[in-house]
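One structure below.
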Amino acid sequence: RVAVQKTGTFAWELAVIRAHGLDKQANLSVQVLELASPEAGKIALRAGNADIVVTDWLWVSRERGLGAKLTFYPYSSALGAVMVPASSPIQTLADLKGRKLAVAGGPIDKNWLLLLAWLKQGGIDLKSDATIAYGAPPLLAAKTLSGEMDATVNYWNFCAALEAKGFRRIAGIEDLLPKLGAKGRSAMLGYVFDDKWANTNRDKIARFIAMTRAAKEILSTSDAEWEKIAPLTGAPDAATLRAYRDRYREGIPRRPIADEEADARILYRVLAEIGGHELVGPAPELDAGTFYHAIPGD
Amino acid sequence: MARLLSFAMFVAIWWIASLFAGDAKLPPPPTVLTAMIAEARSGNLFFHLGATLARVTLAFTLAMALGTAIGYLMGRVRLADRLGDPWLILLLNLPALVAIVLAYIWAGLTEVAAIAAIAINKLPTAVVTLREGARALDAALDEMATVFALPRWSRFRHVILPQLSPYIAAAARSGLSLVWKIVLVAELLGRPNGVGFEIGVAFQLFDIPLLLAYSLSFAAVVLLIETLLVQPFEARSSRWRPRAA
Amino acid sequence: MARLLSFAMFVAIWWIASLFAGDAKLPPPPTVLTAMIAEARSGNLFFHLGATLARVTLAFTLAMALGTAIGYLMGRVRLADRLGDPWLILLLNLPALVAIVLAYIWAGLTEVAAIAAIAINKLPTAVVTLREGARALDAALDEMATVFALPRWSRFRHVILPQLSPYIAAAARSGLSLVWKIVLVAELLGRPNGVGFEIGVAFQLFDIPLLLAYSLSFAAVVLLIETLLVQPFEARSSRWRPRAA
Amino acid sequence: MRLEVEIASKTFKSAAGEQHDVIAGVAFALNAGEVGVLVGPSGCGKSTMLRILAGLDPDFQGRVSRPAGARIGFVFQEPRLLPWRSVEENVRLAAPLADEPKLSALFEILELKAHRNHFPGELSLGLARRVALARAFAVEPEFLILDEPLASLDAALASRLRDEIAMLIDGRSVMTLLVTHDVDDAVRLGDRVILLSPRPARVLADLPIRTPRGARGEVEIAAIKSEIMRRIDGCPTKQGGS
Amino acid sequence: MRLEVEIASKTFKSAAGEQHDVIAGVAFALNAGEVGVLVGPSGCGKSTMLRILAGLDPDFQGRVSRPAGARIGFVFQEPRLLPWRSVEENVRLAAPLADEPKLSALFEILELKAHRNHFPGELSLGLARRVALARAFAVEPEFLILDEPLASLDAALASRLRDEIAMLIDGRSVMTLLVTHDVDDAVRLGDRVILLSPRPARVLADLPIRTPRGARGEVEIAAIKSEIMRRIDGCPTKQGGS
Ligand SMILES: Nc1ncnc2c1ncn2[C@@H]1O[C@H](COP(=O)(O)OP(=O)(O)OP(=O)(O)O)[C@@H](O)[C@H]1O
Ligand SMILES: Nc1ncnc2c1ncn2[C@@H]1O[C@H](COP(=O)(O)OP(=O)(O)OP(=O)(O)O)[C@@H](O)[C@H]1O
Ligand SMILES: [Mg+2]
Ligand SMILES: [Mg+2]
């Protein structure tokens, strides 16, 4: 049983899986619970209505620290980006100083925190040096589009949509990671499930991961497949769909899980420092059991 | 007649405003109508509207029935009021989000949890309104009913209910609107269908015409119920009132 | 006394329930209290509570004042009722999300937009309640006021207001709760502070104790206002009522 | 069936916090078939006493033994009709057992035939009072309580109704308590006239009238009237005023 | 200052949809300082007429010329007090100009002194009516309308109040309209007695009484009374009943 956000990328993957009968090949019966908001998945997992949801390792580690034994397997390394209108005078991240900046997801959003950490290394404290508007991602995307905001830090799918409308990408958050100590693109999003459930369903999980890999493969090689799932993405035009496709492909995690975990450990420290206790909970370090290691071939 | 006129005025104002504001800020009526028709064609509109209406009906009925009973009790019995009041204020001021999240965590992402959470959100406002109604009951008529030994049911139906009816009407109307606001949150957070679900999707896609199409469809249903059922009934049951100019 | 008892009972039930349900499903009172104290220490609690209270106060006052006036008019003047009714039903059934999103789109991510959106959400429920109140006004007292040529203000204050007061009380209590529910959505969607903002953060982290800490703090503020201000005032102004047993 | 009343005291605490003594010792008894008339100055505590006797106010010092479970017909001082029910419904609700011929007869006597379908708000005060009378009679009461039943009616109608009441009481053994300000009514209807003092109410005199109602001549009536007038000391008779 | 009334017809449409003719042609005039008394059977349309004359009901056929802007004092048939204001506040609200000595005197006359701080719900009906009287007198009306002002009061008090009303009217040139069922009151207070038919109301007789109020002897009063009784045809006098 998996819970997905109806407009999320996971839903796209599942559509491909069904279209190609991958679930039958893997001998899995996938029950999909479609939900309408990102937080709904966490509720579904907590309430026991779903076995697998997609969210980030930050939350998993925090929950482990608080006693809920969840575990994580990489799903996507796609992160947000900083977007400005094409004609904007903003050229580099440092130019964001003194601007009106729309931050999607609020002050504990990982994109935002990573950006802050990066800029801090350059001696800029954006939190006090810019006018910041927190808010819901779609609303802020629209606000940036209408010109009310100078720039936005937003989730990658909204950025892709903006890009298709001619907006300029100042920087992808994933590009900032090396400077923060990570060795590569870290997959912050992943499949999350309960330890106990995982222990009893080892085989099922392995088959599930393999199945989704196959789907990712299809999506990364076949453009025709994108035409088929176009209605799901809500992309109003071909340009947006193309942007979605490219960003999605970039985000497919291809690194060994040990590397991912090592990077996560480093980034966690960075985030813990900047986000503080509120963000990471009682644990200053990434909880040891956060990553799921039982997949053959990692 | 006046209603039709008023409705026409509404559409006109909307249209003109959308011309001034631009499509992006406020889509004009035809755009929204197109979205509505498309959704209706595909059957989506009726499916989601139906799911939401079922939830609304259940939660509303539950909350009104319980709320009326508790509110009456608190209005009549001093002790009940004293004991219940802190709970009432707490419930009144419990954010919808919190109630819904807790309900889902406890009872799972089930229909029962959703309906219970919605009913719990609406309940205290019904209680508060009915409590005022019960406090304002006429003691003289009560004495009359006692002396003439009116049976319990007859007393409720003919002496008490008519006095409470304006309060019930107020609680029902504003309560329906509250239920409707909350069902959307509940559907957003943990139901795989319903208008709230669709509005959530439309919001994620920032599809304003779709957003409006669903919102207005629901309003239209309520408007229909009001015009065809509630208002004729109200007119009948308030015949006794001296007509105002 | 009864209030204290009731409050103690609430905490006890909560505690026992949390023991049964387990920490993850319902944190026990001390955990929430700890979270509350931590937030209070850091000053966050008061900052966000203050921001929200300011918004609530403004939006509430605006909506109540306007709602009372419009509701009174619609209850007294047949034509106003006929013309206004479809608009009222539409507004009543406009989802909070839609109103807030539209307000933010039109007026920008500003304080004004937030307060206007909240007020617009609350307005129709106040109108609906006050309309019932105005319809139930006593014509006999009205005639008395006319014959004795009571000045406008005196008539309003001494003849009309006391008759409307139970309806105003009901509209205010359930209205405050509605405003509070909606301010959270407004803050969640586009304000950089306030309890709703914090609840949004807590929700993203799925930090139930923090969620409850903020919710209960607000409820506590309202409880305090009720106990110290509203209820003594109500007791005074309803002295004339024959006391119930 | 017998009513025994011994109210030692009744006080009200007003909302302003003052204590008001309303009854300061009233004792009397009434047998089935008897009509007791309470006469006393306005505000002396008559209606309060009736409410106690009907069991509506348990908060007093003393003892009242009422016929248990007796059907009560009460004509309150104000009509107390349900504004949202028609005249006919108002009567039928209180007297679900009354049949159509009975109601017709009552409406005929009380001249209410044209108003059956009216709501109370569409009645004159006199009409509303008559509806209250119809309601009390329709229940075929064993204990009839009348608080100024004939006020607000024109002289002709009042006199006709007085005769009707007398007939009704004589026909069946109804225990009746009547409050009136009209000494004439009191003497013509009562078997026992109880005179009350100003607030707090005490019994000034308890005058039995031994001649049966039907047999009282004008001379005897005038004699009892002047006796009553004399007892209400210091009070100029209405006839002698101005 | 003069009141001229010419009501051709007044009909009510009841909620049940029936048409009720209430007034079918009433015309009379009243001069300043005069007391007009309306006498008619219960439900004939008297209160309706008073409401029209006070300007509360514009929906009728005919013409009423009232003194423009005259201060009106109206004692409604029911007290119509504000339940949420004390007795004193009820009076003061209607008569903001009345000063303390004046109010004291009024409360003294009406025996309301002990009840100044009571709420209307704590009054007996007779007391509430007296408050309504106090309110109407406190405004020092130029046009005084009294709808059965002395009902529900005991005989002694009623007779004292009747004298007070007479004094008040004679003292200043108040135009007064009085509705009463008590022929005695009518003859002792009125300058002109207007007898009305049963519903729909027509004027049966318009009897002027030319002797000034103070000078009327008992004999003359009795004569006018029997004249009135005779006019109300078919009506047995109250004295002669049973
Ligand atoms: N709103 C109304 N709708 C229909 N009929 C009405 C309405 N108000 C009064 N009536 C009718 O008008 C008639 C006259 O009423 P009105 O109150 O004037 O009588 P009245 O002469 O004052 O009688 P009373 O002596 O009993 O007070 C009554 O028959 C009553 O039923
Ligand atoms: N709820 C109350 N609180 C305080 N005082 C009250 C209350 N009810 C009645 N009283 C007082 O009790 C006294 C008696 O009232 P009651 O109604 O019994 O008088 P009554 O004899 O029926 O007079 P009337 O002939 O005017 O009807 C009055 O002085 C009144 O002010
Ligand atoms: Mg009384
Ligand atoms: Mg009348």
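Labels below follow one simple rule: chain letters A, B, ... track the order of the sequence lines, proteins then strands, and each chain is numbered from 1.
Nearest heavy atom pair, residue C/F10 against residue B/W87, reads CA-CZ2, 3.5 Å. The shortest heavy-atom contact between C/R241 and B/A136 is NH2-CB, 3.8 Å. Contact between C/E132 and B/P166 at its shortest, heavy atoms only, is CG-O, 3.5 Å. Contact record, C/S174 with B/T125: CB-CB, 3.4 Å, taken as the closest heavy-atom pair. C/P95 and B/I199 get closest at one heavy-atom pair: CG-CD1, 3.9 Å.
In this structure, chain B has heavy atoms under 4.5 Å from both the backbone and the side chain of C/L92. Contact of C/E234 with chain B is made through the side chain alone, with heavy-atom distances under 4.5 Å. If you measure heavy-atom distances from C/D142 to chain B, you find no contacts under 4.5 Å at all. In this structure, chain B has a heavy atom under 4.5 Å from the side chain of C/I182, while its backbone stays farther away. Residue C/L102 touches chain B through its side chain alone, counting heavy-atom pairs closer than 4.5 Å. Using a 4.5 Å cut-off between heavy atoms, C/I13 touches chain B through its side chain atoms alone. Of the two parts of C/L212, only the side chain, counted from C-beta on, holds a non-hydrogen atom closer than 4.5 Å to a non-hydrogen atom of chain B. For B/V183, no part lies under 4.5 angstrom from a heavy atom of chain C. With a threshold of 4.5 angstrom between heavy atoms, C/R135 approaches chain B through its backbone and through its side chain.
Your options are B/L88, B/L184, B/V98, and the one with the most heavy-atom pairs under 4.5 Å with chain C is B/V98. Chosen from B/L137, B/L211, B/L223, the residue pairing most often with chain C at heavy-atom distances under 4.5 Å is B/L223. Of all the listed residues (B/N121, B/L79, B/V185, B/T227), the one sharing the greatest number of non-hydrogen pairs under 4.5 Å with chain C is B/N121. Looking only at heavy-atom pairs under 4.5 Å with chain C, the residue among B/F7, B/Y167, B/Y214 that has the most is B/Y167.
The structure places CD1 of B/I89 at 10.0 Å from CG of C/L176, a figure rounded to the nearest 0.5 Å. Note that CG of B/L97 is 8.0 Å distant from OG of C/S215, once rounded to the nearest 0.5 Å.
Here the side chain of C/S6 pairs a donor or acceptor atom with the backbone of B/L83 at under 3.5 angstrom.
Counting only heavy atoms from C-beta outward, the side chains of B/F218 and C/L94 never approach each other to under 4.5 Å. B/L178 places a side-chain heavy atom less than 4.5 Å from the side chain of C/K181. With contacts defined as side-chain heavy-atom distances shorter than 4.5 Å, the pair B/D85/C/Q231 qualifies.
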query = Can C/L90 and B/L216 be said to form a side chain to side chain contact (heavy atoms under 4.5 Å, CB included), step by step?
reply = CA-CA 8 Å; C/L90 191 93; B/L216 293 184; 3.8 Å; yes

request  = Evaluate the criterion side chain to side chain contact (heavy atoms under 4.5 Å, CB included) for residue pair B/N93 and C/V221; output intermediate values, then yes/no.
outcome  = CA-CA 10 Å; B/N93 296 292; C/V221 171; over 6 Å; no

